[in-house]
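Here the structure is laid out as structure tokens; the discussion comes afterwards.
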Protein chains: 2
Amino acid sequence: MDLGSVVGRMRGRGYKATPQRVAVLEALGADQHQSMEELRGRCPEVGLVTIYRTLDLLGRLGLVRRLDLGDGPRYELAESHHHHLICESCGDISEFEECPLDVERLPLQNSGFEASSHSLEVYGRCAVCQ
Amino acid sequence: MDLGSVVGRMRGRGYKATPQRVAVLEALGADQHQSMEELRGRCPEVGLVTIYRTLDLLGRLGLVRRLDLGDGPRYELAESHHHHLICESCGDISEFEECPLDVERLPLQNSGFEASSHSLEVYGRCAVCQ
DNA sequence: TCGCTAACTGAAACTCTTTTTCGTTTATGA
DNA sequence: TCATAAACGAAAAAGAGTTTCAGTTAGCGA
């Protein structure tokens with residue numbers, strides 16, 4: 001999803017496409033699963049409060065996902081569905097695309113639960129740390 | 001794993017099995033994925049600082065797992081390996097035992113990553129909220 | 001069983017992250 | 001261009017978690 005369509009989607013729902021919001025979106029697009037500190041560094045002209053509010057808004061619009069991989073919250077664009085390999089030794093995070101989930105084995109039929117998304121993290125030791 | 005063996009394991013590593021630590025362990029055993037607030041309610045005689053320190057110690061011993069399911073951290077005994085269905089509407093959390101992961105499809109061979117554990121959460125709407 | 005000591009506890013103070021408040025500014029539609 | 005609801009940001013507040021430190025205790029050895 002490109003920036004233009006995101007801006008259009010925001011306007012369509014009655015939200016203003018301010019320069020600050022666009023800056024946060026661009027910061028989010030620059031890398032995967034960034035911490036607040038990293039995001040701040042990518043848009044230093046935007047006030048801290050505004051970053052928090054923008055992430056909240058984008059989250060409610062379904063455009064941004066909030067992760068918690070062990071060391072504080074991280075944020076990523078929701079379009080990038082992937083999973084994480086987290087090294088418990090050095091903290092490095094890498095991602096993989098293919099979803100190793102066997103949907104048939106999810107206990108959804110009997111429970112009446114309707115799944116909309118999921119999150120999978122694999123913890124262990126990366127190649128460097130072994 | 002029963003309380004006795006946990007106490008034995010702690011002593012064996014040079015840690016003392018104090019009444020406070022036992023109380024936290026019993027509180028953990030009372031329910032799944034509890035918040036700090038719930039744990040506090042289950043062992044009100046233990047100081048807040050000691051609960052944090054005990055959870056940290058038990059985590060390092062591999063006896064307790066820390067979860068983050070969207071609303072702050074939660075804690076559970078590591079012995080109970082299961083996954084979570086989280087209702088985004090009412091916040092209810094239920095768990096299921098069977099692991100729907102297709103290990104063959106995990107990209108571990110080529111990456112050199114050595115997995116030791118994983119965490120899977122499915123988000124959606126529970127039967128009641130639909 | 002007793003006493004020693006390293007380990008442990010908890011109240012208070014502190015740090016860090018996130019949220020709220022409120023006066024000012026601005027994107028957008030008419 | 002103008003009006004105005006929405007948004008911004010600085011400061012203050014709230015909240016979660018950590019550190020400090022003086023007093024207490026579990027567990028070992030005698």
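Lettering of chains follows the sequences in order, A, B, ..., and the numbering in each one begins at 1.
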Subject >> side chain to side chain donor-acceptor pair (under 3.5 Å) involving Arg11(B) - partner list, sequence neighbours excluded >> reply: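 Partners of Arg11(B) under the side chain to side chain donor-acceptor pair (under 3.5 Å) test: none.
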Original post:
Who are the side chain to side chain donor-acceptor pair (under 3.5 Å) partners of Arg42(A), not counting sequence neighbours?
Top reply: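 Only Gln34(A) meet the side chain to side chain donor-acceptor pair (under 3.5 Å) criterion with Arg42(A).
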Original post:
Heavy-atom count around Arg40(A) CZ within 6.0 Å, excluding the residue itself: above 12?
Top reply: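 Count not over threshold, so no.
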**OP:** Determine whether more than 12 heavy atoms belonging to other residues, nucleotides or ligands lie under 6.0 Å from atom CD of Glu45(A).
**Re:**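 Check passes, neighbour count above 12.
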Separation of [N] [atom2] from [X] [atom1] (nearest whole Å):
{"X": "Leu58(A)", "N": "dA7(D)", "atom1": "CG", "atom2": "P", "answer": "12 Å"}
{"X": "Leu39(B)", "N": "dA16(D)", "atom1": "CG", "atom2": "P", "answer": "14 Å"}
{"X": "Leu61(A)", "N": "dA7(D)", "atom1": "CG", "atom2": "C1'", "answer": "15 Å"}
{"X": "Arg40(B)", "N": "dG17(D)", "atom1": "CZ", "atom2": "C1'", "answer": "12 Å"}
{"X": "Leu55(A)", "N": "dA7(D)", "atom1": "CG", "atom2": "P", "answer": "15 Å"}

Original post:
Does Tyr15(B) or Arg66(B) map to a spot on DNA chain D nearer the 5' end, using the closest nucleotide for each?
Top reply: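 Closest to the 5' end, via its nearest nucleotide, is Arg66(B).
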Original post:
To 10°, what angle do the rotation axes through the five end pairs on each side of the helix from dT1(C)-dA30(D) to dA30(C)-dT1(D) form?
Top reply: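 For the helix from dT1(C)-dA30(D) to dA30(C)-dT1(D), the axes at opposite ends meet at about 40°.
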Subject >> Touch class at under 4.0 angstrom, heavy-atom based, for Leu48(A) against every strand present >> reply: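 Base contact.
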Subject >> ring pair (Phe, Tyr, Trp, His ring centres under 6.0 Å) contacts touching residues 19-47 of chain B (sequence neighbours left out) >> reply: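 As it turns out, the ring pair (Phe, Tyr, Trp, His ring centres under 6.0 Å) pairs with a partner in residues 19-47 of chain B, which skip direct neighbours, are His33(B)-His84(B).
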Subject >> Qualifying ring pair (Phe, Tyr, Trp, His ring centres under 6.0 Å) pairs with a residue from residues 45-69 of chain B, counting only residues at least two apart or across chains >> reply: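 Qualifying pairs, neighbours excluded: none.
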Subject >> For Phe96(A), ring pair (Phe, Tyr, Trp, His ring centres under 6.0 Å) partners two or more places apart >> reply: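 Ring pair (Phe, Tyr, Trp, His ring centres under 6.0 Å) list for Phe96(A), sorted by chain: His83(A).
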**OP:** Using side-chain contact (heavy atoms from CB on, under 4.5 Å) as the criterion, list what pairs up with Leu57(A), not counting sequence neighbours.
**Re:**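 Leu57(A) satisfies side-chain contact (heavy atoms from CB on, under 4.5 Å) with Met10(A), Tyr15(A), Arg21(A), Arg60(A), Leu61(A) only.
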Original post:
Looking at residues 30-38 of chain A, who's got a heavy atom less than 4.0 Å off DNA chain C?
Top reply: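 None - not one residue of the stretch has a heavy atom sitting under 4.0 Å from the strand.
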Subject >> Non-hydrogen atoms of His118(A) and Cys99(A) that approach each other most closely >> reply: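 Reported closest heavy-atom pair: NE2-SG, 3.4 Å.
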Subject >> Residues clustered with Ile86(B), ILVMFWY side-chain links under 4.5 angstrom >> reply: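 In the cluster with Ile86(B) are Leu67(B), Leu69(B), Ile93(B), Tyr123(B).
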**OP:** Share the residues that join Val49(B) in a hydrophobic cluster, the rule being Ile, Leu, Val, Met, Phe, Trp or Tyr side chains under 4.5 Å apart at the heavy-atom level.
**Re:**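 ILVMFWY cluster around Val49(B) holds nothing else.
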**OP:** Classify every nucleotide of nucleotides 20-26 of chain D by which part a protein heavy atom approaches to under 4.0 Å, writing B for the base, S for the sugar-phosphate alone and - for neither, in 5'-to-3' order.
**Re:** B----BB
**OP:** Determine whether Cys90(A) and Cys126(A) make a side-chain contact, defined as any pair of heavy atoms from C-beta on separated by less than 4.5 Å.
**Re:**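 When only atoms from C-beta onward are counted, Cys126(A) and Cys90(A) do touch, with a gap below 4.5 Å.
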Original post:
Is the shortest distance from a Lys or Arg side-chain nitrogen in Glu114(B) or Arg125(A) to a carboxylate oxygen in the other one below 4.0 Å?
Top reply: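 No, no charged N to carboxylate O under 4.0 Å.
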Original post:
Would you say a side-chain N or O of Tyr52(B) is under 4.0 Å from OP1 or OP2 of dG17(D)?
Top reply: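 For Tyr52(B), the contact criterion (side-chain N or O under 4.0 Å from OP1 or OP2 of dG17(D)) is met.
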Original post:
Nucleotide range of DNA chain C contacted by chain A, 5' to 3', under 4.0 Å to a heavy atom?
Top reply: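 Answer, 5' to 3': dT17(C) to dT28(C).
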